[in-house]
Amino acid sequence: MFAWVWFMANKHWIDELADILEERLRSRGKDVLVFNGGLSVSGLQHVGRLRGEIIIPETLRRILSRRGLKIKQYLTLYTQDAWKGKESQRKAFKDPGEAVKYTGWPLIRVPDPEGCHANWVEHFWGDFGPYIKEFTDGNIEVVTTTDLYAGKLKEFTKKTFGLRDKVREIINKYRGRKKYPETWIPFEPICDGCGRIDKTETTKIIDDERVEYRCRYCGHHGETGIVNGKLNWRIEWVGVWWALGVDFEPYGKDHATPGGSRDSCVDLAINAYGIKPPEGIPYEWVAMRTRDKRIVDMSSSDFTGFTPREWYEVAHPHIYRFLVLKTPPMKKLVVSLYEIPQYYSQYYQAERIYYGVEDPGVEEKRVLLSRSYELSYPDGEPPEKMPEQVPYTHLAVLVQLVPRELWGTEGLRRLRNSGHLPEKPTEYGVKRILETMERASRWVEKYAPDYLKIRLLREPDPRIIGEIPWEHREILYRMGEMLEELEEWSEDSIKNVMIEATKHLSPKERRALYHNFYKLFLGQPSGPRAAPLIALVGRETSVKFLKAVKK
RNA sequence: GGGCCCGUAGCUCAGCUAGGUAGAGCGGCGGGCUUUUAACCCGUAGGUCCCGGGUUCAAAUCCCGGCGGGCCCGCCA
């Protein structure tokens with residue numbers, strides 16, 4: 001139809017989003033724009049949290065930076081929030097019963113359940129925080145609400161005391177019957193008596209710096225500084241926008257409901273504080289598929305999901321970024337560590353489409369996949385030449401046959417022999433293969449199905465041999481003899497031996513024979529290619545196994 | 001009570017924004033491949049597009065009304 005329409009229809013969702021955002025951000029007239037994301041460290045920091053709060057804003061930031069916008073990206077940790085003491089959270093401690101006493105404490109004050117870090121937050125941040133730079137370009141500044149309360153939010157708290165009536169009026173619009181009374185002061189101190197932040201009530205503002213409060217939990221009355229507490233949650237969110245000057249911040253679907261938290265906070269920002277609320281987009285959560293194929297939402301406080309560290313161990317961050325980018329933000333993304341090989345092959349396909357060596361047929365698909373691929377690089381861009389692609393499962397098997405110290409030599413030689421690598425492979429391609437080998441090796445240990453786990457039997461097993469019919473034993477024994485006499489010990493000559501020994505068999509019989517062949521060596525009816533396997537096992541051992549069938 | 005995502009082949013989904021002969025991958029089946037790296041190649045079967053109305057020459061697609069599944073919010077944050 002019209003070129004314009006065609007053009008629009010063939011944009012990646014994130015580019016369309018970037019277009020809209022660019023216009024709105026430019027109209028704000030700021031030199032440096034601010035992007036933010038927010039996380040409460042209530043427990044397991046799973047990969048799902050990378051999606052909406054980190055990778056999506058980071059990618060938008062990079063796209064818009066290329067268009068000349070200056071953008072600063074933050075990630076805000078809600079460390080002052082109360083520890084809820086859910087059963088799943090208590091179970092993180094050796095003595096869950098005793099851990100009840102931390103209920104209601106600010107997260108940052110809850111001790112590390114395993115005693116290896118300064119507190120709960122730092123403990124669970126360990127598998128997440130340090131990996132952000134692997135999944136992004138790393139230009140993200142992490143701030144905590146605890147630090148903000150000691151700084152800019154302190155100022156905001158004072159401001160809020162002055163705006164009390166207006167703030168109450170707006171919040172009460174969203175509170176149906178349970179309106180806050182006129183005496184309400186929107187500040188929740190940490191109780192000096194019991195340590196809780198979720199049960200205190202401010203009774204009096206003493207001056208700009210101090211308040212009086214009472215605790216509904218332990219009955220303690222006291223006074224404390226305004227650094228020692230937090231604002232009511234709706235106000236706090238606006239406070240973060242104000243303190244950092246946020247211009248864009250995505251929000252999870254739990255905040256997206258009309259009349260919900262985002263709406264009420266926008267109302268507060270405009271009508272109480274007179275600031276322009278940030279632009280935003282809602283996003284769906286990430287779920288995971290378990291070993292037995294059940295789908296469960298990842299949840300921090302329920303400890304369901306897996307961390308960026310666990311992903312990084314078995315797969316490149318590129319792959320996760322790719323999955324996030326090819327999935328529209330309001331669609332549920334389901335990921336599984338058991339399906340890593342499939343993700344690699346999807347990624348390789350997108351890569352081939354990007355480099356133009358494969359035609360997806362449908363234009364929309366081409367745009368979605370190749371752009372998602374292009375943006376999948378955490379830092380920088382795809383290399384000029386398409387890297388060599390070796391299937392993940394291939395490497396998973398290879399690393400089990402070649403000793404680790406030979407991966408970079410013998411392993412690569414094997415790949416050249418099998419045609420996966422050319423004589424002069426690209427630098428990035430080789431680097432990626434070596435990295436994938438490390439990951440595939442760990443994946444085999446932790447997640448691979450049994451049939452991909454290759455383990456040579458220590459000794460020929462008489463019980464297995466007993467199950468092999470005599471005519472097969474004859475052939476296997478003969479193979480052993482031929483291998484023993486073989487002049488040159490190479491994959492090719494071994495392969496010739498195997499062909500020679502089985503050429504008189506029908507395809508069906510040959511299949512049956514190889515089942516027994518694999519059982520003899522591995523205890524299971526299938527395995528890696530026979531000739532390379534034998535080559536690797538070595539002459540002495542393979543002859544020993546093969547001739548054992550006739551003892 | 002309000003909102004979001006979804007319903008298309010056995011499974012996972014694309015196609016719906018912009019109406020024009022129902023698609024892909026996986027799985028199944030048959031065959032091939034000097035046995036296979038959840039492989040590859042060729043062929044093949046398989047569908048009331050959740051249901052009912054409406055608009056239209058024409059509806060999986062647009063409109064209205066239902067049904068079913070999953071999820072979020074309902075004054076905790």
Side-chain angles (χ1 to χ4, degrees), chain A residues 1-2 5-6 8-9 13 16 38 40 42 78 80-82 84 104 107 171-180 188 197-198 230-237 251-265 282-285 287 289 293 295-297 301 327-334 338-342 345-346 349 360-362 364-365 368 390-401 414-415 418 420 440 448-452 454 495-505 507-508 510-515 517-518 525-533:
Chain A
M1 217 157 78
F2 304 106
V5 170
W6 182 86
M8 284 303 288
W13 60 265
E16 288 197 39
S40 127
S42 47
Y78 289 83
Q80 205 76 343
D81 284 14
K84 301 262 174 65
L107 291 166
I171 289 183
N172 276 342
K173 282 201 302 195
Y174 299 91
R175 286 182 66 88
R177 273 171 242 100
K178 273 161 97 179
K179 310 285 189 198
Y180 285 123
E188 296 150 12
I197 195 173
D198 64 334
K230 73 190 292 289
L231 291 160
N232 173 276
W233 66 273
R234 294 181 207 261
I235 303 167
E236 183 180 80
W237 202 5
Y251 45 97
K253 64 169 173 184
D254 49 336
H255 296 293
T257 302
S261 58
R262 179 81 184 193
D263 279 3
S264 56
C265 289
Y283 62 88
E284 245 291 1
W285 294 340
R289 207 179 335 266
K293 307 270 182 189
I295 292 176
V296 289
D297 269 335
S301 59
T327 311
M330 275 310 281
K331 272 198 154 191
K332 179 170 283 182
L333 173 62
V334 182
Y338 301 96
E339 290 164 15
I340 294 290
Q342 282 99 303
S345 60
Q346 287 174 26
Q349 189 203 16
V362 186
E364 281 76 14
K365 196 173 171 189
L368 181 70
V390 184
Y392 191 90
T393 43
H394 185 117
L395 294 176
V397 173
L398 185 68
V399 293
Q400 295 176 78
L401 294 177
R414 288 279 179 95
L415 292 172
S418 58
H420 287 96
D450 287 342
Y451 63 87
L452 279 178
I454 310 302
K495 188 169 141 193
N496 286 333
V497 165
M498 315 211 64
I499 293 165
E500 186 63 27
T502 60
K503 66 178 177 189
H504 61 286
L505 294 173
K508 266 211 172 95
R510 194 179 295 124
R511 183 169 307 169
L513 174 84
Y514 273 100
H515 281 323
F517 170 90
Y518 285 113
S526 63
R529 265 176 210 271
L533 177 69

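The model shown is predicted, which means the values in this text are computed figures rather than measured ones. In what follows, chains are A, B, ... by sequence order, proteins preceding strands, each numbered from 1.
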Problem - Among rU36(B), rU37(B), rC5(B), the one nearest Tyr518(A) by side-chain distance - result: rU36(B)
Practice task
Indicate yes or no: at least one non-hydrogen side-chain atom of Lys230(A) is less than 4.5 angstrom from one of Asp81(A).
Solution key: yes
Practice task
Let me know, please, whether Val397(A) or Asp297(A) comes out on the 5' side of the other along RNA chain B by nearest nucleotide.
Solution key: Val397(A)
Exercise for the section: Using a heavy-atom cut-off of under 4.0 Å over every strand shown, decide if Glu236(A) touches base, sugar-phosphate, or nothing. Expected result: nothing
Practice task
Report which part of the nucleic acid Tyr251(A) touches: base, sugar-phosphate, or nothing (heavy-atom distance under 4.0 Å, all strands).
Solution key: nothing
Practice task
Rounded to the nearest angstrom, tell me the gap between atom OH in Tyr283(A) and atom C1' in rG3(B).
Solution key: 17 Å
Fill in the blank from the handout: Considering only heavy side-chain atoms of Lys84(A), the closest of rC72(B), rC76(B), rG70(B) is rC76(B)
Handout entry: Side-chain donor/acceptor of Lys179(A) to backbone N/O of Asn172(A), under 3.5 Å
Key = yes
Practice task
Give none if rG43(B) has no partner; otherwise give the nucleotide forming a Watson-Crick or G-U wobble pair with it, both distances under 3.5 Å.
Solution key: rC29(B)
Exercise for the section: Select one nucleotide: of rC76(B), rC72(B), rC71(B), the one nearest the side-chain heavy atoms of Lys253(A). Expected result: rC71(B)
Practice task
Considering only atom P, compute the distance from rU61(B) to rG25(B) and round it to an integer number of Å.
Solution key: 25 Å
Completion exercise
Picking from rU36(B), rU37(B), rC72(B), the nucleotide nearest the side-chain atoms of His394(A) would be rU37(B)
Problem - Separation between the P atoms of rC40(B) and rG23(B), rounded to whole Å - result: 24 Å
Practice task
Remember a base hit wins even if backbone is also touched, and classify Trp237(A) as base, sugar-phosphate or nothing at under 4.0 Å, heavy atoms.
Solution key: nothing
Problem - For Arg414(A), salt bridge (Lys or Arg N to Asp or Glu O under 4.0 Å) partners two or more places apart - result: Glu410(A), Glu491(A)
Fill in the blank from the handout: Hits for salt bridge (Lys or Arg N to Asp or Glu O under 4.0 Å) against Lys332(A), two or more places apart or cross-chain, chain-then-number order -> Asp297(A)
Practice task
Please measure how far the C1' atom in rU8(B) lies from the corresponding atom in rC16(B), and state the result in whole Å.
Solution key: 11 Å
Handout entry: Separation of the P atoms in rU48(B) and rC6(B), to the nearest angstrom
Key = 24 Å
Practice task
Describe the nucleic acid contact of Asp198(A) in one word from base, sugar-phosphate, nothing, applying a heavy-atom distance below 4.0 Å.
Solution key: nothing
Handout entry: 4.5 Å side-chain heavy-atom contact, Leu107(A) and Ser40(A)
Key = yes
Handout entry: pair Pro282(A)-His255(A): side-chain heavy atoms closer than 4.5 Å
Key = no
Practice task
Could you tell me which nucleotide pairs with rC62(B) by Watson-Crick or G-U wobble geometry, both distances under 3.5 Å, or answer none if nothing does?
Solution key: rG54(B)
Problem - Between rC76(B) (C1') and Ile171(A) (CD1): distance, integer Å - result: 13 Å
Practice task
Sequence neighbours left out, what passes salt bridge (Lys or Arg N to Asp or Glu O under 4.0 Å) with Lys173(A)? Give chain and number order.
Solution key: Asp267(A)
Show the distances under 3.5 angstrom between N or O atoms of the protein and N or O atoms of nucleotides 7-15 of chain B.
{"unit_1": "rA14(B)", "atom_1": "OP1", "unit_2": "Lys331(A)", "atom_2": "NZ", "d": "2.2"}

Problem - salt bridge (Lys or Arg N to Asp or Glu O under 4.0 Å) involving Lys253(A) - partner list, sequence neighbours excluded - result: Glu284(A)
Practice task
For rC11(B) versus rG28(B), give the span between their C1' atoms, rounded off to a whole number of Å.
Solution key: 11 Å
Exercise for the section: If rG1(B) has a Watson-Crick or G-U wobble mate with both distances under 3.5 Å, name it; if not, just say none. Expected result: rC73(B)
Exercise for the section: For Lys230(A), answer base if it contacts any base atom (sugar-phosphate contacts may also be present), sugar-phosphate if it contacts only those atoms, and nothing otherwise; contact means non-hydrogen atoms under 4.0 Å. Expected result: sugar-phosphate
Handout entry: Between P of rC4(B) and CG of Leu333(A), the distance in whole Å
Key = 21 Å
Exercise for the section: Let me know the distance between CD1 of Ile499(A) and P of rC33(B), rounded to the nearest Å. Expected result: 14 Å
Completion exercise
ring-ring contact (aromatic ring centres under 6.0 Å, His included) filter on Tyr518(A), not counting sequence neighbours, yields none
Handout entry: Atom-to-atom span, CZ of Phe517(A) to P of rU36(B) - whole angstrom
Key = 11 Å
Problem - Atom-to-atom span, NE2 of His255(A) to P of rG74(B) - whole angstrom - result: 11 Å
Practice task
Using the C1' atom as the reference point in each nucleotide, state the distance between rU21(B) and rA58(B) in Å, no decimals.
Solution key: 12 Å
Practice task
Establish, with yes or no, whether the OP1 or OP2 oxygen of rG74(B) is under 4.0 angstrom from a side-chain nitrogen or oxygen of Lys178(A).
Solution key: no
Problem - Integer-rounded Å distance: rC72(B) P and Met330(A) CE - result: 12 Å
Practice task
Could you tell me the separation between the OH atom of Tyr514(A) and the C1' atom of rU34(B), rounded to a whole number of Å?
Solution key: 8 Å
Practice task
Can you tell me, in whole Å, how much space there is between the P of rC71(B) and that of rG65(B)?
Solution key: 25 Å
Problem - Nearest-angstrom distance, P atom, rG3(B) to rG74(B) - result: 16 Å
